[in-house]
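Report on the structure given below.
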Amino acid sequence: MPEGHTIHRLARDHLRDLRGESLTVTSPQGRAVQAATVLDGARIEAIDGYGKHLLYRWSTGDTLHVHLGLYGRFIRQRTPAEPPRGLKRLRLAGDRWTTDLSGPTACELFDPDAEERLLARLGPDPLRADADPDRFLFNLSRRRIPIGAALLDQSVIAGIGNVYRAEILHVLAIDPARPARELSEAQARAVWDTAARMLADGVRQGRIVTQAKPPGAKRLARGEALHVYRRHACATCGGPVTVGEMASRRLFSCVVCQQG
DNA sequence: AGGGTATGGTAAT
DNA sequence: TTACCCTACCCTC
């Protein structure tokens, strides 16, 4: 689920569903007791997404940091909600909606300087209006690691995960093994622009879709939405998709389209 | 019941 | 590099 598009969509949805109401905050699993105690009865005033991180700004002045990791998810239901089932780290119950968080890597209150430390190790996030593409170009220009590894490095660019990595490099016909700093400036800009466009599409659609929808089609089936990720044949040329490993994740690329 | 897998990341070695 | 953490789901036995 969670690459950058998921995070920014959650920020938007949670703001819509929960902002301004006094929330009942509980820690059903018993693993976020301190945060729940501090925040219970308070209101969410704003929510920021940075890459794959969510920052909830509360009326108490506190910031709650959530990182979903690989398995984390939010489940929404109408208030009053069923008693929590399974392992729920946090429950936010408002007048209309109740949201449960399960499986996050992080769910914690930030110290005063924790946010600064977090932002210092994140590259620019193409989904943010205040993002600076030149910082991304600069970051790429000084990395000798492959571009396929650089795109997963959150200090180079924030918000890209394993699906977007494969899809971005594919639509630009870039060999993932190519050293990041050897990309031309035009190519690096194209990577940024493509990332920004794909992520924004992901926010709108609530899932990752990188293929154009044929006229008349309602919704692309799963397996038709992507070009190479988890496919055997490339959606563009029909050629074989190879599966390798880069940055400890499975990397899919088209032998034909993405030759070095 | 148990194993493998997943769109992520950190800390120790 | 490796070990480890987090949860749900799917497959096989």
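We use all heavy atoms of the structure for the numbers below, so side chains are in, but hydrogens, waters and symmetry mates are not. We name chains A, B, ... by the order of the sequence lines, and we start the count at 1 in each one.
In this structure, A:Leu87 places its CG atom 15 Å from P of C:dC5, rounding to the nearest Å. Note: CD1 (A:Ile208) to P (B:dG8) measures 8 Å, nearest angstrom. Atom CD in A:Glu245 sits about 11 Å away from atom P in B:dT7, given to the nearest Å. Atom-to-atom, NE2 of A:His227 to C1' of B:dT7 comes out at 18 Å; the value is rounded to the nearest Å. Rounded to whole angstrom, the span from the CD atom of A:Gln154 across to the C1' atom of B:dT10 amounts to 13 Å. A:Arg121 has its CZ atom 5 Å from the P atom of B:dT10, to the nearest Å. Rounded to whole angstrom, the span from the OH atom of A:Tyr71 across to the P atom of B:dG9 amounts to 12 Å. In this structure, A:Asn162 places its CG atom 6 Å from P of B:dG8, rounding to the nearest Å.
At a non-hydrogen distance threshold of 4.0 Å, A:Gln29, A:Arg31 from residues 24-33 of chain A come into contact with DNA chain C.
With a cut-off of 3.5 Å on both Watson-Crick or G-U wobble distances, the partner of B:dG2 is given as C:dC11. The base-pairing partner of C:dC4, taking Watson-Crick or G-U wobble contacts with both distances under 3.5 Å, is B:dG9.
A cation-pi arrangement is present between A:Arg128 and A:Tyr50 under the rule of less than 6.0 angstrom and at most 45 degrees off the ring axis. Judged by the 6.0 Å distance and 45° axis criteria, A:Arg43 is not positioned over the aromatic ring of A:Trp58.
Put simply, A:Arg249 has a side-chain N or O that comes within less than 4.0 Å of OP1 or OP2 on B:dG8. Residue A:Arg9 places none of its side-chain N or O atoms closer than 4.0 Å to OP1 or OP2 of B:dT7. Using a 4.0 Å cut-off, no side-chain N or O of A:Arg73 falls inside it from OP1 or OP2 of C:dC6.
Within the nucleic acid shown, A:Arg165 has no heavy atom closer than 4.0 Å to any nucleic acid atom. Contact annotation for A:Arg207: no contact, since no heavy-atom pair falls under 4.0 Å across all strands.
C:dC13 and B:dT5: their P atoms are spaced 15 Å apart (whole Å). Look at the P atom in both B:dT10 and C:dA8: the space between them is 22 Å, to the nearest Å. Going from the P atom of B:dA1 to that of C:dC6 covers 22 Å, rounded to whole Å.
Of the charged side-chain nitrogens involved, at least one lies within less than 4.0 Å of a carboxylate oxygen, so that A:Asp134 and A:Arg189 count as a salt-bridged pair. A salt bridge does not link A:Asp13 with A:Arg76: every distance from a Lys NZ or Arg NE/NH1/NH2 to an Asp or Glu carboxylate oxygen is 4.0 Å or more.
Residue A:Arg250 has its side chain nearest to B:dT5 when only B:dG9, C:dT7, B:dT5 are considered. When distances run from any side-chain atom of A:His67 to the nucleotides B:dG8, C:dC6, B:dA6, the shortest one goes to B:dG8. Each of B:dT7, C:dT2, B:dG9 was ranked by its minimum atom distance to the side chain of A:Ser248; first place goes to C:dT2.
A donor-acceptor contact under 3.5 angstrom links the side chains of A:Thr63 and A:Arg57, judged on distance only.
Tested against A:Thr210 for a side-chain hydrogen bond (donor to acceptor under 3.5 Å, both in side chains), the candidates A:Arg197, A:His170, A:His227 yield a single pass: A:His227. The residue from A:Ile157, A:Leu140, A:Ile168 that alone fulfils the side chain to side chain contact (heavy atoms under 4.5 Å, CB included) condition with A:Trp192 is A:Ile157.
Atom CZ of A:Arg85 sits in a sparse spot, with 12 or fewer heavy atoms from other residues, nucleotides or ligands closer than 6.0 Å.
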